[in-house]
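One structure is given below, encoded as structure tokens.
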Amino acid sequence: MNRERFDAWLRNIYDTQDVEISCTECFDLVSRFVELETSGRDAAAELPQLKQHLEQCRACLDEYEMLRALARFENEGGTPSLDDLRRSIR
Ligand SMILES: [Zn+2]
């Protein structure tokens with residue numbers, strides 16, 4: 001491998017790591033993600049790094065599922081009870 005190709009390869013690896021986000025960033029983005037989803041957009045395509053984080057992080061996945069359940073109830077115009085929320089998350 002020559003020097004130029006090695007540098008390109010190295011940049012690739014670091015670029016990939018840059019794409020990964022922290023839980024804090026995930027927390028900031030997750031409501032946007034749910035918004036996109038509930039408006040019928042392809043949220044995973046618009047925020048792929050968030051989608052990736054959700055697949056790896058149980059805590060953020062819980063957060064996401066809770067927000068998504070809330071958004072669904074808001075769309076239906078009702079106020080969810082705790083039992084409703086629990087059911088929709090299971
Ligand atoms: Zn996380």
Side-chain angles (χ1 to χ4, degrees):
M1 202 185 287
N2 66 31
R3 176 72 207 204
E4 206 173 301
R5 278 193 60 188
F6 180 75
D7 282 348
W9 174 77
L10 213 58
R11 255 198 312 276
N12 248 336
I13 291 174
Y14 282 104
D15 281 353
T16 310
Q17 282 182 343
D18 281 345
V19 169
E20 285 180 20
I21 59 173
S22 66
C23 287
T24 314
E25 288 171 290
C26 181
F27 192 80
D28 288 341
L29 283 171
V30 75
S31 58
R32 171 95 190 117
F33 190 87
V34 170
E35 239 174 64
L36 286 170
E37 239 183 18
T38 46
S39 60
R41 310 261 294 271
D42 192 349
E46 297 202 28
L47 295 168
Q49 68 279 56
L50 183 74
K51 173 80 180 158
Q52 186 194 12
H53 185 87
L54 289 178
E55 281 165 3
Q56 293 164 355
C57 181
R58 181 68 216 177
C60 290
L61 187 66
D62 282 348
E63 176 74 26
Y64 157 71
E65 286 182 341
M66 181 62 97
L67 278 173
R68 196 177 51 172
L70 279 171
R72 202 181 305 142
F73 279 111
E74 247 168 51
N75 274 356
E76 289 164 4
T79 311
S81 69
L82 263 181
D83 279 348
D84 285 339
L85 278 178
R86 278 202 201 98
R87 254 199 308 277
S88 65
I89 287 167
R90 300 275 156 225

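Order of listing sets the numbers, starting from 1, for every ligand and every atom in it.
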Nearest-0.5 Å distance that lies between atom CD in Glu37 and atom CZ in Arg72: 9.0 Å
So CG of Leu67 and CD of Glu35: to nearest 0.5 Å the spacing works out to 10.0 Å
I'd like to know whether CD of Gln56 has more than 12 heavy-atom contacts from other residues, nucleotides or ligands below 6.0 angstrom. yes
Within the structure provided, determine whether Cys57 and Cys23 are in side-chain contact (heavy-atom separation under 4.5 Å). yes
Pairs satisfying ring pair (Phe, Tyr, Trp, His ring centres under 6.0 Å), at least one member in residues 27-66, at least two apart: Phe33-Tyr64
For the CG atom of Asp42 and the CG atom of Leu47, what is their distance to the nearest 0.5 Å? 10.0 Å
Ignoring waters, protein N/O/S atoms under 2.8 Å from the Zn ion (ligand 1) are Cys23 SG, His53 NE2, Cys57 SG, Cys60 SG
